Every structure is written in C-alpha cells, then in structure tokens.
Amino acid sequence: MTTAALAVDNARAWRARRLFRRFASRPPAVVGLVGVILVVLIAIFAPLISPYDPAHGDYNHVFLAPFSAGHVLGTDDLGRDVLSRILQGSRSSLSAGLAATLLAAVVGVSFGLLAGYYRGPLDTIIMRATDVMLAFPFLVLAVGLAAILGPSLNNAILALAISSVPGYVRITRAEVLGLREQDYVQAAIVNGAPDRVILFRHILRNCVSPLVVQASITIPTMIIGEAALSFLGIGVQPPTASWGIMLSSAQGYISQAPWYALIPGVAIAITALSFNLLGDGLRDILDPRATK
Amino acid sequence: MTPRLAVKDLSVRFGTDEGEILAVDRMSFSVEPGEVLALVGESGCGKSVTAMSVLRLLPSIASVSGSILLDDTELTTLSTAEMREIRGRDISMIFQEPMTSLNPSFTIGFQIGEVLRRHEGMSRRQARERAIELLELVRMPAPRSRVDEYPHQLSGGMRQRVMIAMAVACSPKVLIADEPTTALDVTIQAQILDILRDLRARVGTSIVLITHDLGVVADIADRVEVMYAGHKVESGPVDDLFANPQHPYTVGLLGAVPRPDLAGGIQVRLQEIPGLVPVLRSEPEACVFAPRCVRATAECREAMPPLELLQPRQHAACFHPGSRVADYSEGVSA
Amino acid sequence: MKWYVLRRLGISILTLVLSTMVIFVAVRLLPGDTAQVMAGESADAGVVAAIRAEYGLNQPWPVQYLQWIGHAVRGDLGTSAGTGLSVAGALAARLPVTLELAVLAVLIAVAIALPLGQLAAVHRGTARDYLPTTGSLIGLSVPHFWLGLLLILTFSVNLGWLPASGYVPFSQSPVGNLSRMIMPASVLGIGLAAVLMRQMRSAMIEALGSDYIRTARAKGLSERVVVGVHALRNALTTVVTVLGLELGALISGVVITEQIFVIPGLGKMTLDSVFSRDYTGLQGVVLLTATAYIVINFLVDVTYSLLNPRIRVGAGAS
C-alpha cells in the first residue's frame, strides 16, 4: 500500500473514531441504539423466544390479565398469548419500517440524482411529479392502493414507500445541485469522466450524511404508518400478528380489558422512540448544519 | 485630560471543549474624547474580542477580567440592566458584516428608530422622523423613501450607513467600529471613513477602530495599538509608528509601505508574514511572535518581553526593537 | 414579488391538473364495475349497459376525463353509488366538521409548540431544553390512534367526563360539540406539536446565532425584545412553511382520528367509501383533499414570501 493510500486510510479511521466518540458521548443516542438492537434481535429470534404459538387460541382462557399463570402479558379476545403476539408483531413492524425506507431511498435517491445532475426538462418533470405525490397524503394514498391492489402488508409497504419518496428526491437533488458546483466535480466533468463515475464516486458518496439522517427520520414514521394501516384493516392481514391489528381489536374491548389496549401501543412507542433517539444522535454527529 | 474610555489589564479566556483559550492577555489602552484609536492586527489576534468585551457582549463561555472605565463608570461591575442602558446610548458598535448585521424582517426605519425609542423614549413617529435625519447625516440618498425599505433592498455600502446611523443615533461617547469598511469596495470605503470623520468632528465621539487595513489607519486614526496573539506588541501616534516602527511584527505589517503621508490615498494591505497567529492556552513563557520572527534569539524564547517606552511616544514589547525591514525571504525558524 | 407569486400559481395549477389525472386513472384501475355497482348486484346486462351509456362510461378515457373535470368545476361530483346522494352535497356537509377538527388541532399544536420551542432554544443545553425536546421525541413516537385510545380509556371509560365518540354541530350545542371535539383535536394537535416544536427550536437557535441578534444586543435592547421580536419574527417565517408541509400528515391524522372517534368528516368518508366501494365518493373526497393541500401550500408560500422579504427578490426557491 502506498503511503498516500495509508494516509487516506488513517484519516478515515480517525474520522470514524471521532464520529464514534461523539456518538458515544450522547446518552440518549446510545439508549436509542441499544433499543434498536434489542428490537432487531427480538424480531429475528421471535419464534425461538415466544413462549406460545402466537396463533394458538384457547377459548377457556380469554382475556387473562397480565402476570397470570403462564401468560406474562395476559391473553387476548381469542385466548392467544399476548407476549407471543407482541414478539411476532415486531417482525411486521420492522420489516415494514426497513423495507419501505429502503425502497423509498433507492427510488428517491435515483430520481434526485437524475434531477440534480442533468437538470433541464428532466428535473422539471421529476420535481412536478413529486409535487403531485405530495398532494396525496400518506393515508389517502394507502387507502387508494389498498382499494386497487387489495389490503396486504406488501401493499402497505408500497404506500409507505411512495409517500416518502418525495423527501428523498428533494434532499438528494439539493445536495447534488450544491456538489455539482464543487471544483473537484467540475474538474471530473472537464476531464471527461463518465457520468456514472461522477454520479457514484464523486456525488453520491458525499450525499450519504444527509441521507442517513433522512432515513433515521423515515424508519420510525414508517413503523407507525404500518401500525396505522394494520389498525384500519388495510395492512397486515389476520391471523398474522401486528401491533396495529392488536390495537384495533383492543378498541372493541376497551372497557373490558383496558390493559390490552396499552401493551401494543407501548411496543410501538418504544420501538419508534428508539429509532428516533438513534436518528437524533446521528443527525447531531453527521449533519454539519444541525446546531448542537 | 482624563480618557473617555480606559481599559486596563483586560484578559479574556474562553472555555471550549478542547480546553481553555487565552484570547486576550492583560491588554490596556485608552481613548481620549474625540480621538480615533486604531486596534490593528491580523484576524485572530484578539481585536474583535477586545471590542466585544468592552460592550460585554461575549458569549457566556468567555470569562473576562480587568477594568473597563467609561469616564468614571466601571463597566465590568455594572448589572446587566445597567449595562443595557450603556449599550447603544453611551457606547455603540458597528460590525464588519453589513449584509447580515441588520435584521432582514424589519424596515431600516424601524431598526434605527428602535434605539431612539429604547434610550430616548421617543414615540414611534418621532423616532421615524429622527431616523430620516440620521439617514441624511450618513448621506443616504433619498432617506425619506429609503426609511421604509428592508435591508435586502439596499447595497452593502448603504447598509453600513444604516448601521452607522443606528450607532450614532444617541450621540454616543464611544463608537467601536469593527472592520467597518472591510466588506465594501474602495470608493465606498472612503465615503464611510468621511462619514466617521465628520461624526467625530460634529459629535465629539471617540472612535475605536478595529482593522487590519493600514490604509484605513493612515487615513483616519490618531493613535495605533498593534495586537498580536492577544497581546499589545506596539503602540504610538500613527505618524510616529508608521515612520519608525519598532516591533518586528509592526515592521512586517507595514512591509514596504514607505510613509504614512504617502500612504494617504493609496490602498495599503497587510503584507504577508509567513506563519499563523498562534492560539494561546495560557500566559506565554516566550515572546508570542518569536516563532515567526527573523530577529528571534534564545532570549526571546525564554520570556515574553515587557512593553517599554522606546521612542518619545512609542511603546513596544520586543527585546530587539528597531525599524529595519525584516527580510522574510530569508527563511523563518519554523 | 409579482413574478414569484405568478410562478408559484402556475406550478400549483399544473400540480392540480396532474393530480386530477392521477385520481381519474386510479379510480379507473379500481376493481369492480361502477355501472354494475350502480345498477345493483343482480341487475341484468341491459340495465347495466343503459347506465353505462347514461353516465358516459362507454366513452374513451380522455372524453370521460374532460366530462368529469367539466362537471367538477361546476360543482357536480357525481352521485354516490352506495347512498344515491350527491357527492358534492356529502362533501359540503362533512367539510365543516373536518375543518373544525383541523383548525382546533393546529391551534392546540401552535399553543404548545411555539412557546416550548422558544424556551428550549433560549435555554439550550439545560433542563429547560431537554425536557421539551424529549417530550417532542416521545410525541413523535406515539401513534395517533393509540393516543386516541388512551384518551378514551382515561376520560371516557375511567373518568366518564367526555363522550367517547360522535359529533354534534356547534350551532346545535356548543358544549356538546367541544366536549366531543376536544379529544380528537388534542390527539392531532399533540402529534403536530411534536414536529413543530422541533422546527421552532432549531429555527430559533439559528435566528439567535445571527449577526443581527448581536446588533440588537449592542443597541441595548432587553433580552425580551431581542428574543421575542428580533429572533421570533425570523424563526416564525421558517415555521410557517413547515406548517404547510405538515398538512399532509395532518390530513392522514384526520382520517384515522375520525375513524377512532366516529366523527362524520372527510377522513371517515374516505375510509367508508373504500370499504363500501363507493368510488364516486372516493374520487370526490380525494380530489377535495388534494386540492386543499395544493391551495393551502400555495397560500403558505405566498404568505412566507410576504413575511420573509428576502425571497421576494431572488425568487429561487421552488
């Protein structure tokens, strides 16, 4: 390895260490990170750690209160173990949050790059298209999609992703417009570097920080969005467990089993809060404009 | 004559994440009524911090010690409310950035009038009329229509006039001008200096002019204080100091500039001196300028030289004073 | 300024036209035959064909689109397949309900968010910053509909102070109206406040760090004036735009909140029309929300340019 390459490597390692130290010095961010890791582990190992089959009902033990024998969080209206359903529900929540964010980011970043880099009529078309997308609020869009394509987790994810595409387009485009004027990008253009190289090597790499920040904001929004759609019956379909569906059935028994309305909500709130805390920490250390 | 403003042993420390920084170290200076005093030095030498500490406008991470007397009033011990009475009435300030120093959301008439309503108890209408007069005073074209405009409708030079109008609204005893002409082009600079000169003659305001532009100093100042790394390194009347600089830093600043009488109309910029102004963490145990100084000897690396009277009216802090021109091409002890 | 407004107006009209096309195509993609639904499940082919001809459903799409737009601008949004009532009439009846809910929610949000955001910015890095900031983060993390259930649980089920659902027009009974509106409006308002508070805080911090704040202090102005006049005016111009962008989230919130509290507004109509396959109704209500979104954002942009004289000159922001 040449000394120059070594120096670059060292500089990167130094930057990474510095970022890590700044992150570690923020207790809320660390709490968020721990929470996120926990939720992810729970989702991965849900079938292994569930005390019961989440779909197995027992009509003799309906609405057992929490901490009753064998059921730490009690049982639901069909006598299913609430803890097992909460554990399984984490999978719908996380997969929706992550998949929708990833989808929105890939699509949004691509169009943002195109709009910002080529400008001209392509830019106009893309930006007007995002204006139109914004005119359909997420729930209206999701309801429409559910009506056309039928209610399912995948269609809910699609609706969630579409609704957050405009944000990614705008952020990427703004970054590209700024980066495009940088000397090193101009030099690469003058030197005849292919667009592909300029876009990916010189521009996209420098958009990473604002995009990570945006993703950290989108994930919890998507998680809550999935719960909302499932709550309305146009997301995850029974008998699969979802925190939104659990809340929706709890609404019907709110005076009979009020605790049943609490548990899934707490699960959603803790998950979303963990992502939000993590996201705030990331923004603090990555976004130069964020004022500490 | 008693000085209008007397600063004695002013030290300013900043507590930062990376440790403490000593921005100004035992700085003393005074200004007579109607006098123009120039604080000169490169950026980062502590000029602006000195100015802000006089108005007590430094952020809370700064700790300030020393004494600041305005006539007979000790400013450092005043309550915040009493200090607010002083600001804008007895001491006012013009800043370097005319583009951003005015609030974009209010008309210039409102912003000038605000000082008058605050300190002179004027009504909105009186303040507006007086604002128009002040705009006339600073030679703003068409003041009656300009008074209702927003800052973004004005050029940089006009905005600086507004800043000056605001600063002199209450005929202050002391006007601190922090690089008032740096952001402006040359012809506008000359006009702004004319306005300042005119104000001094009319109102008798003392002016503390902070600049790195020696052309401006030669043009308007009576006396000069040269600052380096938070220390005063040389001071004296402008003519003497320009004719016969003693500290090698001053010599370097003046560079090839021949004489102040010739420098009058010419734009004279700082000559490049190799190296950077150091950031001090504590009181220096060597001459602060030694790392960049061609005259530096072992002696200079052992103690900070004290400020001594070298010429009839000139002080300098140097073990090897003299006005011979240093040749910076000869390599600097790094 | 004039050009900026005209440009924004042009973009808004273009967006609106494109949105109507999207709605039109989306409704044609919905499963089920509108004519069949209108004629009833068991109607014979001849009746269905007659209805199709009567409503122009056998025409090519561009013709149908123009007919639909032509009727829509004259206030005719068709007849609901399910209820047989005029869609425009249904919208007119439900709009005031949703409007009241939304206005109350925004008032609650502003009343919470602006003072707290300012407090946090002024006392940055202290407990008076951390408490509201953490509060807003929790507010962002709690789903609307769960908060709604919690309020029902507390104030209706346990305390019995407020009715859990329903709607009474204000003109009929102000107390009945407000006692039913306060919970849903709070649910929406708290969610919006969480977002606004953060925006307010960062806008205030940015304003407080500006050179003009230093100038204001150098004039001898009190901190109350420095913060409450000089910084606040500039921070508010930023927050106003955010309010416009949050409108979409507010509309989504309205849909789900009206569902929980059984409020007969536009949000409930959106869901009801999907579940009852009333596509004419869905088309109408989506058209109305999209139009409202575009119009309100246009107004916000124009207001912003009035509040913030800077962009009147270089009208670069799109």
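Just the heavy atoms: all of them, side chains too, but no hydrogens, waters or symmetry mates, feed the values below. Naming convention: chains lettered A, B, ... in sequence-line order (proteins, then strands); numbering from 1 in each chain. What you see is a predicted model, and the numbers here were worked out from it, not measured in a lab.
With chain A as partner, the option from C/Ser19, C/Ala290, C/Gly248, C/Pro143 having the largest number of non-hydrogen pairs under 4.5 angstrom is C/Ser19. In terms of heavy-atom pairs under 4.5 angstrom with chain C, the leader among A/Ala129, A/Ala227, A/Gly150, A/Pro264 is A/Ala227. In terms of heavy-atom pairs under 4.5 Å with chain C, the best-connected choice from A/Leu149, A/Val266, A/Val132 is A/Val132. Options A/Pro28, A/Pro258, A/Pro220 differ in how many heavy-atom pairs under 4.5 Å they form with chain C, and the most are formed by A/Pro258. Heavy-atom pairs under 4.5 Å with chain C were tallied for A/Asp131, A/Leu277, A/Leu139; the largest tally goes to A/Leu139. Among A/Ser274, A/Ala228, A/Gly233, the residue making the largest number of heavy-atom pairs under 4.5 Å with chain C is A/Ala228. Chain C forms the most heavy-atom pairs under 4.5 Å with one residue out of A/Asp280, A/Val140, A/Leu145, and that residue is A/Asp280.
For the atom pair A/Leu273 CG and C/Ile138 CD1, the distance stands at 6.0 Å (nearest 0.5 Å). Interatomic distance, OG1 of C/Thr15 versus CE of A/Met127, reported as 10.5 Å (0.5 Å rounding). Here the straight-line distance linking atom CD1 of A/Ile234 with atom CZ of C/Phe275 works out to 5.5 Å at 0.5 Å rounding. Taking CG of A/Leu134 as the reference point, atom CD1 of C/Ile294 lies at 10.0 Å (rounded to 0.5 Å). To the nearest 0.5 angstrom, A/Leu232 atom CG is 8.0 Å from C/Ile260 atom CD1. The OH atom of A/Tyr260 sits 11.5 Å away from the CG atom of C/Leu149 when rounded to the nearest 0.5 Å.
For C/Leu14, the part lying near chain A is the side chain, with the backbone staying farther off; criterion is any non-hydrogen pair under 4.5 Å. Residue A/Phe136 touches chain C through its side chain alone, counting heavy-atom pairs closer than 4.5 Å. In this structure, chain C has no heavy atom under 4.5 Å from any part of A/Leu141. Both the backbone and the side chain of C/Leu29 come within less than 4.5 Å of a heavy atom in chain A. At a 4.5 Å heavy-atom cutoff, A/Ile270 makes no contact with chain C through either its backbone or its side chain.
The local environment of CH2 in C/Trp161 is sparse, with at most 12 non-hydrogen atoms from other residues, nucleotides or ligands closer than 6.0 Å. Residue-environment remark: CZ (A/Arg180) exceeds the threshold of 12 foreign heavy atoms within 6.0 Å.
A/Thr218 pairs by the side-chain hydrogen bond (donor to acceptor under 3.5 Å, both in side chains) definition with A/Tyr168, not counting sequence neighbours.
Taking both residues in full, the closest heavy atoms of A/Val143 and C/Leu271 are given as CG2-CD2, 3.6 Å, listed atom of the first, atom of the second, then distance.
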**Request:** Any chance you could lay out the side chain to side chain contact (heavy atoms under 4.5 Å, CB included) test for A/Ile268 and C/Val142, step after step, and finish with the verdict?
**Result:** CA-CA 7 Å; A/Ile268 300 171; C/Val142 170; over 6 Å; no

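C/Trp146 places no side-chain N or O within donor-acceptor distance of the main-chain N or O of A/Gly244, the cut-off being under 3.5 Å.
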